[in-house]
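First the structure, in the form of structure tokens, and then the observations on it.
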Protein chains: 2
Amino acid sequence: MHTQVKCNNCSLDNICLPRGLSSHEINHISNIVKARKTLQRGEFLYRQGDQFSGVLAIKSGSAKLVADDSHGNEHILDILLPGELLGFDGISKNLYHCSAIALETSSFCLLPAHSIDQMITHVPGLARELFRHSGDKINNNNIHRVMAKRPAEERLAFFLIELSERLKTRGFSSKEFTLSLTRQEIGNHLGLALETVSRILKKFQQQGIIQVKNKAITIKKQDALRAILQPVESDLF
Amino acid sequence: MHTQVKCNNCSLDNICLPRGLSSHEINHISNIVKARKTLQRGEFLYRQGDQFSGVLAIKSGSAKLVADDSHGNEHILDILLPGELLGFDGISKNLYHCSAIALETSSFCLLPAHSIDQMITHVPGLARELFRHSGDKINNNNIHRVMAKRPAEERLAFFLIELSERLKTRGFSSKEFTLSLTRQEIGNHLGLALETVSRILKKFQQQGIIQVKNKAITIKKQDALRAILQPVESDLF
DNA sequence: CGTATTATTGACTCCATTCAAAGATAGTGG
DNA sequence: CCACTATCTTTGAATGGAGTCAATAATACG
């Protein structure tokens with residue numbers, strides 16, 4: 001019998017791992033998942049090259065997923081919001097291929113690597129669930145790769161809409177939010193110069209589409225924002 | 001006891017699904033995996049929007065993974081070579097998010113979706129294996145996203161090196177190979193105009209790095225090719 | 001052999017980057 | 001609390017890499 005049950009360690013019911021799992025399965029997970037740890041901005045959830053310690057869930061705050069190339073340039077591959085999972089970059093080689101860094105004071109919990117194998121046997125629903133999440137990451141990545149070909153304004157519009165949607169899913173305001181990212185980081189994530197980010201945000205503001213006050217963003221005209229990315233619209237949501 | 005055993009349906013031993021599986025497990029898989037089908041260039045292995053039918057393995061030939069946006073533009077997200085797996089885009093929503101299209105006469109086999117759930121229970125080693133492969137795709141995607149920020153020459157150099165490496169892994173020549181892609185398709189995959197692809201291939205040839213004869217590529221100076229992408233080199237291989 | 005597709009090459013244009021400098025914000029210690 | 005510093009942001013001007021347009025050439029295909 002499938003029920004909506006909290007993961008004992010997780011206040012974010014129904015958006016974290018437990019989805020479509022039986023209460024028996026969730027109890028099993030609750031015993032395995034390690035309770036939250038708290039980190040400050042700039043601290044690492046894990047480091048590129050570290051041994052895979054497991055799949056993590058953000059419980060509060062946010063993080064960035066970063067790949068460092070050999071010249072010390074960082075590439076922000078993903079932004080993680082509360083309830084979202086990370087660590088899939090470590091599965092294939094048992095080493096993390098990216099670093100995960102807190103963007104603000106954040107807490108998270110851990111599904112330890114050494115438990116994953118057992119769980120695949122004992123909690124088949126969870127294996128399916130993890131597999132699904134992993135597939136989600138792939139699809140998401142693909143959308144970003146399609147967007148990477150689009151002009152700067154579309155990329156930024158997409159970034160704002162996607163963030164807004166994801167926050168909404170987690171019960172936060174989709175209209176007003178605070179970016180814990182600098183213009184530099186936004187630009188890095190989108191493959192744009194920080195000046196370009198600044199200019200386009202200003203342009204959107206002048207058009208009355210958004211309100212920008214430092215890192216606080218208010219979306220005034222969601223439709224206008226969506227209209228900017230019409231060309232690839234239907235795929236994305 | 002773990003042995004190197006062929007999947008009964010697969011001539012590509014050790015590079016396909018069976019890796020680190022017991023012979024018992026592989027026998028189990030052999031009964032489930034559907035034998036090969038053959039397709040001609042341009043035919044679909046699956047279509048964007050189709051119900052997820054399973055994970056596929058290319059046995060011979062090659063395919064492209066394509067996402068169509070709402071304006072009919074196609075985006076080539078991946079190239080699949082013999083022994084490589086595809087279909088992970090269908091796992092999360094039970095619908096394929098991309099289309100897979102044969103680039104030449106190709107054959108493939110199928111691990112059916114309806115078997116995956118059972119197998120997660122009965123062949124835990126396989127669940128782990130699929131999960132690993134899925135993680136591989138994620139890491140690969142990330143490398144491509146990093147490369148997408150680099151200038152055109154590096155992207156093309158990377159494309160050639162990556163292809164060469166992957167062919168080598170599968171026992172094909174890493175120095176000489178035939179691209180089953182048009183300049184248009186290469187450009188699409190790399191986010192470049194087809195004219196740019198043409199110009200850069202010519203430049204590489206003039207530098208003596210490669211030899212281009214229509215779709216046949218010969219790599220003359222692998223080192224020189226690698227040198228072009230020094231800035232991100234160490235991450236990739 | 002003729003037609004359609006694909007590839008090459010050149011000229012021009014433009015979007016976004018880079019460079020540069022000034023302005024705002026946040027954080028720190030006196 | 002204010003001054004001081006470091007970091008981040010804005011804004012302008014100039015540059016350049018890659019795209020677009022256009023015309024020709026080569027190749028593949030029926």
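Proteins come first, then strands; the chains are lettered A, B, ... in the order of their sequence lines, and each starts at number 1.
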Q. For the pair made of CD in E104(B) and P in dC29(D), what is the distance, rounded to whole Å?
A. 13 Å
Q: Take the protein atom CG of L201(B) and the nucleotide atom C1' of dA18(D), then report the distance between them rounded to whole Å.
A: 15 Å
Q.
Counting only side-chain nitrogens and oxygens, does R183(A) get under 4.0 Å of the OP1 or OP2 atom of dC8(D)?
A. no
Q: Quick one, give me the B/S/- string for nucleotides 12-25 of chain C, reading 5' to 3', where B means a protein heavy atom under 4.0 Å from the base and S means that only happens at the primed atoms, P, OP1 or OP2.
A: ----SBBBB----S
Q. With sequence neighbours left out, what residues match F177(A) under ring-ring contact (aromatic ring centres under 6.0 Å, His included)?
A. none
Q | Heavy atoms from other residues, nucleotides or ligands near NZ of K215(A) exceed 12 (cutoff 6.0 Å) | A | yes
Q: Report yes if at least one side-chain N or O of K202(B) is closer than 4.0 Å to OP1 or OP2 of dT9(C); otherwise report no.
A: yes
Q) Looking at F172(B), does the NZ or CZ of R170(B) lie under 6.0 angstrom from its six-membered ring centre and within 45 degrees of the ring axis? A) no
Q.
Check for me whether R155(B) meets the cation-pi criterion with F158(B), that is, NZ or CZ under 6.0 Å from the six-membered ring centre and within 45 degrees of the ring axis.
A. no
(Q) If I take atom NZ in residue K215(A) and atom C1' in nucleotide dT10(D), what distance separates them, rounded to the nearest angstrom? (A) 15 Å
Q) Does a side chain donor of either K149(B) or N188(A) reach within less than 3.5 Å of an acceptor in the other side chain? A) yes
Q. Picking from H133(A), R166(A), K137(A), what satisfies side-chain hydrogen bond (donor to acceptor under 3.5 Å, both in side chains) with E84(A)?
A. R166(A)
Q) Within this structure, what is the CG-to-C1' distance between L181(A) and dT9(D), rounded to whole angstrom? A) 15 Å
Q: Scan K149(B) against the nucleic acid and name what it touches under 4.0 Å (heavy atoms): base, sugar-phosphate only, or nothing.
A: nothing
